[in-house]
**Student:** 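Before I ask anything, here is the structure I am working with.
Remember, it's 1-based here, ligands and their atoms both numbered in the order they're listed.
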Amino acid sequence: MDKFVIEGGKRLEGAVRIGGAKNSVLKLMAASIMADSPCEIRNVPDIADVHIMSDVLRNIGLGVTFADGTLRITPATDPCLEVPYHLAKRIRAAVDVLGSLLTRYGKARVAMPGGDNIGSRQIDMHMKGLVQMGATLGVSHGYLEGEATRLEGSHLSLDFASVGTTENLLIAACMASGRTVIENVAKEPEILDLAMFITGMGGRIEGAGTSTLIVDGVDRLSGTDHDVIGDRIEAGTYLLAGAVTRGKVAISGAEASYIEIVMDKMREAGCSVEVSADEITVTVPGEVNGVELSTLPYPGFPTDLQPQMLALLACARGTSFVTENIFDNRFMVVDEFNRLGADMKTREHHAIVRGVARLSGAPVTATDLRAGAGLVLGGLVADGTTEVYDIQHIDRGYEKFEQKLASLGARIKRVPADA
Ligand code: EPU
């Protein structure tokens with residue numbers, strides 16, 4: 001395993017191109033199982049999760065090649081309707097395969113999914129929706145086992161606007177009989193991207209991006225070509241890296257309207273964030289001040305940028321209050337920030353951040369993907385050397401993280417963890 005070694009104190013300056021969205025492409029890959037001819041997906045980031053999801057598809061029997069940011073996926077001739085434990089435990093999005101397999105083949109056996117260490121990550125809502133659509137579902141020996149002759153169009157309403165549940169049920173509805181209406185769905189841009197992908201395959205979906213989805217099931221879906229939307233979380237991470245180091249960073253390849261609330265919070269803290277036709281540029285003209293923020297489903301502040309925002313607030317003037325409403329264990333990073341000299345306390349799902357004059361480099365551990373990104377940002381501004389361990393979490397979601405940061409002037413190296 002590797003670690004990052006960061007020499008802090010360097011102002012970042014320059015431009016960086018944002019890649020395709022991790023949390024979109026993984027769901028497009030799951031949906032491609034439904035196609036009866038090849039799919040081509042472009043603007044795909046070269047990250048570990050894409051490789052794991054490729055193995056999930058290959059295990060089912062699909063053909064998958066990935067080169068130059070393009071995935072080519074061909075249908076399975078003799079499908080194996082299973083996701084084994086050694087793959088499912090490595091990736092949360094494996095659960096999305098459940099909807100695809102059930103709706104296309106009427107059968108699925110998927111090991112209970114894994115993913116980040118950020119909370120309990122239930123799948124009860126996924127299961128409830130699929131059962132309402134007529135599937136027989138049970139858990140046996142750690143596997144979700146489902147069957148349905150044909151899923152039935154139904155009227156569903158989610159208790160909470162869960163991203164994964166919305167995607168799984170949207171996929172399942174595409175080849176169900178008749179019309180499915182799903183209320184109180186998530187409105188994340190990645191769901192809109194998934195709906196556009198499936199529409200390109202011949203699916204019939206209305207309401208994507210609103211809180212009600214209306215899906216008319218079809219008998220077959222064909223392959224399609226699609227460009228993945230830019231990764232709004234990667235975009236926010238580089239803007240925050242610029243702000244944390246009081247630098248000047250311009251990003252391209254991401255849609256500004258998808259990170260409106262992030263830019264607003266950064267401005268409230270004292271950053272200047274300017275949007276032009278092809279770039280978003282951050283600078284910090286004066287002091288950074290503490291703010292209050294709460295993570296919420298889109299269009300609220302994304303939980304996936306909460307740790308990177310903590311890195312900015314760690315050295316802000318005054319006290320910040322951060323409330324985490326999506327995951328019950330996403331403040332594990334606070335203890336790691338405190339190793340860097342931050343002054344952060346948590347109480348239930350709130351963090352109180354008293355800004356300190358400066359951080360000091362230390363060894364820290366990336367407890368999950370976004371925590372890892374937040375700690376790297378902390379290391380960029382800390383005095384001396386910061387070592388970030390367990391960076392395999394960061395590799396799940398950031399393409400060439402250290403190269404992109406180094407191109408902005410950061411002093412960051414990847415070395416073996418025991419070096
Ligand atoms: N939940 C339930 N029951 C369910 C489903 C969800 O209680 O059946 C709860 C979860 O336990 C959690 C909350 O609902 O507390 C939100 O979960 P959601 O289903 O919305 O999230 P997800 O689909 O598991 C995706 C992203 C996450 C991102 C969240 C929220 C993927 C692969 N993951 O997770 O991304 O934080 O939506 O936006 O798309 C990341 O990229 O670092 C990451 C964790």
Side-chain angles (χ1 to χ4, degrees), residues 19-31 45 47-50 52-53 56 88 90-99 112-132 137 139 144 156 158-172 182 184-194 228-229 231-237 258-259 261-262 295-308 324-333 349 366-374 392-399 401:
K22 165 180 92 80
N23 288 345
S24 181
V25 69
L26 300 175
K27 320 308 167 67
L28 307 187
M29 293 173 79
I47 52 175
D49 273 11
V50 165
I52 300 168
M53 197 66 177
V56 168
R90 298 178 65 197
I91 187 162
R92 171 78 182 172
V95 76
D96 284 282
V97 166
L98 192 61
M112 300 288 279
D116 270 334
N117 182 21
I118 52 181
S120 55
R121 309 204 78 175
Q122 307 285 317
I123 49 167
D124 54 319
M125 287 162 58
H126 297 243
M127 293 180 71
K128 182 177 163 197
L130 291 169
V131 168
Q132 283 177 306
L137 266 184
V139 181
L144 289 161
L156 312 173
L158 307 188
D159 295 342
F160 170 80
S162 146
V163 173
T165 309
T166 301
E167 292 163 336
N168 221 343
L169 298 181
L170 165 61
I171 289 173
I182 320 173
N184 194 30
V185 294
K187 296 182 277 199
E188 268 68 1
E190 293 75 22
I191 290 165
L192 190 56
D193 205 31
L194 174 62
V228 181
I229 55 167
D231 193 313
R232 65 196 164 97
I233 306 303
E234 189 191 18
T237 301
Y258 293 159
I259 50 169
I261 194 157
V262 178
T295 65
L296 283 170
Y298 186 83
F301 193 94
T303 176
D304 292 345
L305 284 172
Q306 180 254 98
Q308 302 86 319
E324 171 59 50
N325 289 310
I326 308 296
F327 290 112
D328 48 24
N329 205 12
R330 217 167 201 175
F331 280 138
M332 279 169 72
V333 70
H349 62 129
T367 47
D368 70 78
L369 162 60
R370 308 302 174 185
Q392 71 279 5
H393 291 297
I394 301 177
D395 292 336
R396 288 187 43 205
Y398 288 92
E399 183 177 31
F401 197 37

**Student:** Between Asn23 and Val163, is there a side-chain heavy-atom distance shorter than 4.5 Å?
**Tutor:**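 Not in contact.
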**Student:** Suppose we screen for salt bridge (Lys or Arg N to Asp or Glu O under 4.0 Å). Which residues come up paired with Glu190, at least two apart in sequence or across chains?
**Tutor:**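 Per chain and number, Glu190 pairs via salt bridge (Lys or Arg N to Asp or Glu O under 4.0 Å) with Arg232.
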**Student:** Answer with yes or no whether Glu324 contacts ligand 1, where contact means a heavy atom under 4.0 Å from a ligand atom.
**Tutor:** no
**Student:** Quick one: which ligand 1 atoms are inside 4.0 Å of a heavy atom on Thr165?
**Tutor:**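 Result: 5 (C), 8 (O).
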**Student:** Is any NZ, NE, NH1 or NH2 atom of the basic residue among Arg330 and Glu324 found under 4.0 Å from an Asp or Glu carboxylate oxygen of the other?
**Tutor:**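 Salt bridge: no.
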**Student:** Side chain, backbone, both or neither: which part of Tyr298 comes within less than 4.0 Å of ligand 1 when only heavy atoms are counted?
**Tutor:**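 Tyr298 to ligand 1: no contact under 4.0 Å from either part.
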**Student:** Not counting sequence neighbours, which residues clear ring-ring contact (aromatic ring centres under 6.0 Å, His included) with Phe301? List them please.
**Tutor:** none
**Student:** At under 4.0 Å between heavy atoms, which part of Met127 makes contact with ligand 1: side chain, backbone, both or neither?
**Tutor:**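 Under 4.0 Å from ligand 1, Met127 contributes no heavy atoms.
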**Student:** Numbering the atoms of ligand 1 from 1, which are under 4.0 Å from a heavy atom of Gly164?
**Tutor:** 19 (O), 23 (O)
**Student:** Applying a heavy-atom cut-off of 4.0 Å, say which part of Arg92 lies close to ligand 1: side chain, backbone, both or neither.
**Tutor:**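 Contact part for Arg92 vs ligand 1: side chain (C-beta onward).
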**Student:** Of all heavy-atom pairs between Ile47 and Gly397, which one has the smallest distance, and what is that distance?
**Tutor:** CG2-C, 3.7 Å
**Student:** If the cut-off is 4.0 Å to any non-hydrogen atom of Arg330, which atoms of ligand 1 fall inside it?
**Tutor:**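 Taking each heavy atom of Arg330 in turn, ligand 1 has 36 (O), 42 (O), 44 (C) under 4.0 Å.
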**Student:** What are the two closest heavy atoms between Pro299 and Ile261, and how far apart are they?
**Tutor:**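 For Pro299 versus Ile261, the nearest heavy atoms are O-CG2, 3.6 Å.
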**Student:** Roughly how far apart are Asp328 CG and Gln122 CD, rounded to 0.5 Å?
**Tutor:**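 The distance works out to 8.5 Å.
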**Student:** Can you tell which of Val163, Asp231, Asp124, Asn23 gets a heavy atom nearest to atom 37 (O) of ligand 1?
**Tutor:**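 Residue with the shortest heavy-atom distance to the ligand atom: Val163.
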**Student:** Enumerate the atoms of ligand 1 whose separation from the nearest heavy atom of Ile123 is less than 4.0 angstrom.
**Tutor:**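 Heavy-atom distances to Ile123 below 4.0 Å select 4 (C), 8 (O).
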**Student:** Taking only heavy atoms of Phe160, which atoms of ligand 1 are found under 4.0 Å from at least one of them?
**Tutor:**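 Ligand 1 atoms under the 4.0 Å threshold to Phe160: 13 (C), 14 (O), 16 (C).
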**Student:** What I want to know is whether Ala93 and ligand 1 share at least one N or O pair that is separated by under 3.5 angstrom.
**Tutor:** no
**Student:** I'd like to check whether Leu369 has a polar contact with ligand 1, where a contact means an N/O of the residue lying under 3.5 Å from an N/O of the ligand.
**Tutor:** no
**Student:** Are any of the heavy atoms in Lys128 under 4.0 Å away from ligand 1?
**Tutor:** no
**Student:** Would you compute the distance between atom CD1 of Ile52 and atom CZ of Arg90 and round it to the nearest 0.5 angstrom?
**Tutor:**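 If I round to the nearest 0.5 Å, the distance is 4.0 Å.
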**Student:** State, yes or no, whether a side-chain contact exists between Gln308 and Ile233 at a heavy-atom distance under 4.5 Å.
**Tutor:**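 Side chain of Gln308 against side chain of Ile233, heavy atoms only: contact under 4.5 Å found.
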**Student:** Considering only heavy atoms, does Asp328 approach ligand 1 within less than 4.0 Å through its side chain, its backbone, both, or neither?
**Tutor:** neither
**Student:** Just verifying a value: how many Å separate Met29 CE and Met53 CE, rounded to the nearest 0.5 Å?
**Tutor:**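 CE of Met53 is found 6.5 Å from CE of Met29.
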**Student:** Do Arg370 and ligand 1 have an N or O pair less than 3.5 Å apart?
**Tutor:**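 Among all N and O atoms of Arg370, at least one is under 3.5 Å from an N or O of ligand 1.
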**Student:** For ligand 1, indicate whether the residue Glu167 contacts it via side chain, backbone, both or neither (heavy-atom separation under 4.0 Å).
**Tutor:**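 Neither part.
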**Student:** Indicate yes or no: at least one non-hydrogen side-chain atom of Pro297 is less than 4.5 angstrom from one of Ile326.
**Tutor:**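 In short, these two side chains touch, coming nearer than 4.5 Å.
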**Student:** Just jot down the ligand 1 atoms closer than 4.0 angstrom to any heavy atom of Lys22, in number order.
**Tutor:**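 Answer, ordered by atom number: 40 (C), 41 (O).
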**Student:** Which ligand 1 atoms, with their elements, are less than 4.0 angstrom from a heavy-atom of Ile326?
**Tutor:**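 It comes down to these atoms of ligand 1: 12 (C), 13 (C), 15 (O), 16 (C).
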